[in-house]
> 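Structure in structure tokens, see below.
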Amino acid sequence: MGYIVGLTGGIGSGKSTVAALFSQLGVPVVDADIVAREVVEVGSPLLADIVDYFGEEILLDNGALNRSLLRERIFACEQDKHWLNQLLHPAIRQAMLAQLEQQQYPYVLWVVPLLIENNLTGYCDRLLVVDVEPQTQLQRASQRDNNDMALIKNIMSSQVSREARLVQADDVIFNEANLSENSENMWQQVQQLHQLYLTLAKQKEE
Ligand code: ATP
């Protein structure tokens, strides 16, 4: 396995935004959210299992999984959440590790919202945390997801605390400032970290 930089942060903190900048520098990104979608694609055995359990209403008209409905269902029912996690977690983990292994670049950015919660830090050589004030998280995530503040709050409280995340971080990007006024500064931070990760990856190889 090559050098793995784990990237995590709470809901709406800016993980995807930061990952996109690394990607523009040519860094391969393995994104848990994308892998989680791939394993339940139309026609996949896991999607059939989900329909067996939750019924046809868990599908959109086009046959794809209705992810926001599924999210609501599992946040409302601990047992359903447990069932789904037992089904998906091993499959997602296996698919992510396979993708991490395939990369040829000096390092890979592994974006996982629940990296700490799911005990995946052991796979990482370095941990990068994207951090914002909880109020900003709530505001950005609810703006993006149709203003469902209660659901976002619920998700936030199910995630590890900001403090616990920061304690584990090797590097932190503070993403509070509005990107439209702060993109230069953000780019500088990403480029500095990129140089650092290239150096550390090389050291690991030697
Ligand atoms: P999730 O865990 O919910 O998938 P995330 O951590 O990947 O979220 P993003 O999707 O990158 O977070 O950001 C959340 C929202 O906030 C997006 O709509 C994004 O465009 C916006 N956003 C992120 N960073 C900033 C910023 N610095 N200034 C303004 N808007 C931002």
Side-chain angles (χ1 to χ4, degrees), residues 5-25 27-40 64-75 81 84-85 88-89 92-93 95-96 99 108-121 124 126-166 168-194:
V5 177
L7 190 159
T8 194
I11 181 169
S13 57
K15 295 177 293 295
S16 305
T17 306
V18 169
L21 299 178
F22 278 93
S23 180
Q24 283 185 51
L25 294 173
V27 179
V29 174
V30 174
D31 184 323
D33 284 343
I34 293 175
V35 175
R37 261 177 235 132
E38 287 170 354
V39 298
V40 293
L65 184 60
N66 185 339
R67 295 181 64 84
S68 63
L69 180 61
L70 184 64
R71 199 153 60 150
E72 278 174 33
R73 293 282 296 267
I74 62 169
F75 271 97
K81 180 177 170 180
L84 189 73
N85 284 344
L88 294 184
H89 280 191
I92 295 169
R93 185 179 297 214
M96 288 192 301
Q99 287 189 20
V108 53
L109 195 68
W110 187 23
V111 186
V112 191
L114 300 180
L115 198 141
I116 294 170
E117 292 84 341
N118 291 339
N119 294 318
L120 297 173
T121 51
C124 302
R126 191 93 183 166
L127 186 62
L128 170 59
V129 166
V130 186
D131 179 61
V132 288
E133 302 286 347
Q135 201 49 41
T136 309
Q137 255 182 289
L138 192 58
Q139 188 200 331
R140 288 185 186 155
S142 59
Q143 240 168 37
R144 189 197 49 194
D145 304 338
N146 299 331
N147 278 322
D148 196 346
M149 287 257 186
L151 183 62
I152 309 282
K153 272 190 186 161
N154 199 346
I155 293 171
M156 278 171 70
S157 63
S158 76
Q159 296 184 337
V160 76
S161 73
R162 186 181 182 192
E163 291 71 26
R165 212 179 271 119
L166 289 173
Q168 299 222 29
D170 295 300
D171 308 299
V172 178
I173 288 184
F174 189 51
N175 186 31
E176 191 64 26
N178 201 301
L179 209 51
S180 56
E181 296 142 24
N182 194 48
S183 66
E184 190 65 26
N185 179 277
M186 179 64 97
W187 258 119
Q188 268 176 18
Q189 287 188 70
V190 167
Q191 270 161 344
Q192 269 175 18
L193 287 171
H194 177 59

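Just so you know, ligand 1 is whichever comes first in the structure, and atom 1 is the first atom listed for that ligand.
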> Considering all heavy atoms of both residues, which atom of Ser142 and which atom of Met149 are nearest to each other, and what is their separation?
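Closest heavy-atom pair between Ser142 and Met149: OG-CE, 3.7 Å.
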
> Kindly say whether Asp33 contributes a backbone atom to a donor-acceptor pair with the side chain of Asp31 at under 3.5 angstrom?
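Checking the backbone N and O of Asp33 against the side chain of Asp31, a donor-acceptor pair under 3.5 Å is found.
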
> Using the test side-chain hydrogen bond (donor to acceptor under 3.5 Å, both in side chains), find all partners of Glu38 that sit at least two apart in sequence or belong to another chain.
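If we apply the side-chain hydrogen bond (donor to acceptor under 3.5 Å, both in side chains) test to Glu38, skipping adjacent residues, the hits are Gln99.
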
> Test: side-chain hydrogen bond (donor to acceptor under 3.5 Å, both in side chains). Region: residues 170-180. Which pairs qualify, not counting sequence neighbours?
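Only Arg126-Asp171, Thr136-Glu176, Asp171-Tyr197, Asn178-Ser180 qualify under side-chain hydrogen bond (donor to acceptor under 3.5 Å, both in side chains).
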
> Any idea which residues sit under 4.0 Å from ligand 1, heavy-atom distances?
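Around ligand 1, where the cutoff is 4.0 Å for heavy atoms, the contacting residues are Gly10, Ile11, Gly12, Ser13, Gly14, Lys15, Ser16, Thr17, Asp33, Arg140, Arg144, Asn175, Ala177, Asn178, Leu179.
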
> If you count every heavy atom of other residues, nucleotides or ligands that lies below 6.0 Å from Glu184 atom CD, does the total exceed 12?
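12 or below, so no.
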
> Can you list every pair that meets salt bridge (charged side-chain N to carboxylate O under 4.0 Å, His left out) and has a residue in residues 132-141, with sequence neighbours left out?
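Every salt bridge (charged side-chain N to carboxylate O under 4.0 Å, His left out) pair that includes a residue of residues 132-141, provided the two are not neighbours, is Glu133-Arg162.
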
